[in-house]
Amino acid sequence: MRPVVKIGLLAPFEGLHRESGYEALSAMRAALADYPLDKFEALPLALDTSADPAQARRAAAKLLRDDSVAAVIGPLQARQVFAVADIMAGSEVVWRSPTAPATAETARALVRAIILNMSGQNIVVAGLDSGWPQFSEEELTSSTGKKVTIVEGESVAASADGALWLGSAPEGAAFLGGLRSQGFTVPFWTTAVAGDPVFHTLLTERLDGTPPGPIYWVVAPGEVGRKFDEWAETHADAAPTAFAVYNATWRTLQQISGDVVRSNVQEIAIFTVDREGTSELAEIVPFP
């Protein structure tokens with residue numbers, strides 16, 4: 001019999017964000033089924049984070065106590081990734097964060113790249129939570145060449161050329177809903193937050209028929225953009241965030257198997273979101 005290894009998944013399976021967790025588990029199972037394993041069997045081992053940093057940390061520690069766990073994928077949200085980063089980095093287990101930056105360096109570079117791709121020179125950043133480095137306005141302004149202001153309320157963002165949201169999905173829906181309900185159409189940018197079903201559901205409730213306006217979101221550096229459209233052709237109702245988990249699982253299996261692992265493409269994919277909450281690839285740009 002071939003040996004069995006476990007691939008851990010840190011995702012929310014309880015509470016408000018559980019839909020994204022089960023979507024991620026389905027994507028992982030699809031990758032495990034599709035990959036041509038010939039040296040070992042691979043099984044998913046999913047633990048709940050409840051989208052809570054403390055719970056994510058406990059779940060990560062529990063996975064690492066299991067010697068049969070060869071790799072861990074997740075968490076899915078930035079603040080949970082930040083909470084487990086030191087635990088995962090200190091282990092010998094393969095770790096991949098599919099939808100959020102896994103290091104402060106990557107996080108800083110991603111935020112700079114997003115701002116550089118936003119139209120206009122007057123940019124506001126809101127929702128800066130514990131999942132991100134604590135940028136200063138001076139740092140972001142000097143590194144992007146644009147005037148960047150860190151704000152708390154949505155009304156301050158009304159006159160900006162673009163608003164970048166770095167907080168949670170529920171709070172992001174409230175921020176954008178507040179902007180649109182006041183008639184402000186400033187382009188709204190965020191990360192994988194906009195790929196979370198919770199974001200669309202809560203935003204729709206808040207808008208109550210008001211057009212959502214321009215929404216853009218950027219996935220963490222990797223191969224998601226170039227491969228997503230091809231994958232979506234054979235996966236009904238495919239979401240970019242689900243594919244990010246699928247791709248992370250596939251690359252992990254390559255690494256464990258000793259197969260050739262292509263270097264991870266350093267690009268970011270920019271998606272738009274329509275009124276129904278469907279994400280569509282808009283552009284792929286270099287990741288500096």
Side-chain angles (χ1 to χ4, degrees), residues 53 73-86 88-89 94-151 160-169 172 187-196 215-228 240-241 243-245 247-248 251-252 261-272 279 281-288:
I73 293 172
L76 307 180
Q77 295 90 5
R79 61 177 65 174
Q80 284 85 63
V81 171
F82 179 80
V84 307
D86 62 325
M88 298 309 308
V94 176
W95 179 44
R96 284 192 167 83
S97 172
T99 59
T103 67
E105 180 182 5
T106 304
R108 289 182 181 277
L110 179 61
V111 170
R112 288 196 298 270
I114 295 174
I115 293 175
L116 287 170
N117 280 280
M118 296 171 70
S119 299
Q121 294 295 312
N122 181 17
I123 306 299
V124 297
V125 174
L128 188 59
D129 67 19
S130 58
W132 298 90
Q134 294 305 295
F135 300 97
S136 67
E137 294 178 346
E138 293 76 11
E139 174 189 353
L140 292 175
T141 296
S142 63
S143 64
T144 62
K146 300 186 179 186
K147 180 184 177 183
V148 180
T149 306
I150 298 176
V151 303
D161 297 321
L164 172 58
W165 177 260
L166 295 177
S168 69
F188 178 87
W189 288 69
T190 187
T191 56
V193 164
D196 189 328
I215 302 174
Y216 304 91
W217 68 275
V218 178
V219 74
E223 300 165 329
V224 175
R226 293 202 176 277
K227 293 183 177 181
F228 170 68
T241 47
F243 175 68
V245 175
N247 189 55
R251 288 180 57 79
T252 297
V261 180
R262 294 177 301 159
S263 60
N264 204 19
V265 177
Q266 291 300 292
E267 299 171 325
I268 56 174
I270 301 174
F271 292 87
T272 59
S279 296
L281 181 63
E283 188 177 8
I284 297 173
V285 299
F287 182 68

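What you see is a predicted model; the values in this text were computed from it and never measured. Just so you know, these numbers use all the heavy atoms, side chains as well, and skip hydrogens, waters and symmetry mates.
Distance OG/S142 to CD/E137: 11.5 Å, rounded to 0.5 Å. Here I268 contributes atom CD1 and E283 contributes atom CD; the two are 9.0 Å apart, rounded to the nearest 0.5 Å.
Using modelled atom types, one side-chain atom of K146 and one backbone atom of M118 make a donor-acceptor pair closer than 3.5 Å. One N or O on the side chain of T144 and one on the backbone of L140 form a donor-acceptor pair closer than 3.5 Å. With N117 contributing its side chain and A113 its backbone, the two residues share a donor-acceptor pair below 3.5 Å.
The two residues A282 and T272 come nearest to each other via the heavy atoms CB-CG2, 3.9 Å. Residues S97 and P75 approach most closely at OG-O, 4.0 Å, considering heavy atoms. The two residues A100 and L76 come nearest to each other via the heavy atoms CB-O, 4.2 Å.
Note on residues 160-169: no pairs pass salt bridge (charged side-chain N to carboxylate O under 4.0 Å, His left out), not counting sequence neighbours.
A search for salt bridge (Lys or Arg N to Asp or Glu O under 4.0 Å) contacts involving E139 returns R108, not counting sequence neighbours. Every residue two or more places apart in sequence or in another chain that forms a side chain to side chain donor-acceptor pair (under 3.5 Å) with T252 is listed here: R96. In terms of the side chain to side chain contact (heavy atoms under 4.5 Å, CB included) criterion, residue partners of S143 (sequence neighbours excluded) are, by chain and number, R112. Looking at residues two or more places apart in sequence or on another chain, you find no ring-ring contact (aromatic ring centres under 6.0 Å, His included) involving F287. In this view, W217 and S279 satisfy the side chain to side chain donor-acceptor pair (under 3.5 Å) rule, not counting sequence neighbours. In this structure, W95 has no ring-ring contact (aromatic ring centres under 6.0 Å, His included) partners at least two apart in sequence or on a different chain. Listed by chain and number, the residues in a salt bridge (Lys or Arg N to Asp or Glu O under 4.0 Å) with D86 are R57 (sequence neighbours excluded). With sequence neighbours excluded, the residues that form a side chain to side chain contact (heavy atoms under 4.5 Å, CB included) with I284 are R226, E267, L281. Annotation: side chain to side chain contact (heavy atoms under 4.5 Å, CB included) contacts of A107 (sequence neighbours excluded): P101, W132, P133. In this structure T141 satisfies the side chain to side chain contact (heavy atoms under 4.5 Å, CB included) test together with V148, sequence neighbours excluded. In this structure F228 satisfies the ring-ring contact (aromatic ring centres under 6.0 Å, His included) test together with F271, sequence neighbours excluded.
You'll find the side chain of L164 stays beyond 4.5 Å of the side chain of V124, heavy atoms only. Put simply, the side chain of T190 does not reach to within 4.5 Å of the side chain of V218, judged on heavy atoms. Contact annotation: the side chain of L166 approaches that of V111 to within less than 4.5 Å [non-hydrogen atoms, C-beta and beyond]. Between S168 and R79, the closest side-chain pair of non-hydrogen atoms falls below 4.5 Å. At a threshold of 4.5 Å between non-hydrogen side-chain atoms, the residues K147 and I123 do not count as touching. Within the 4.5 Å cutoff, no side-chain heavy atoms of V193 are placed close to those of D196.
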Discussion item. Using side-chain contact (heavy atoms from CB on, under 4.5 Å), reason through W189 and I270 one step at a time and then give a plain yes or no.
Written reply: CA-CA 10 Å; W189 288 69; I270 301 174; 3.9 Å; yes
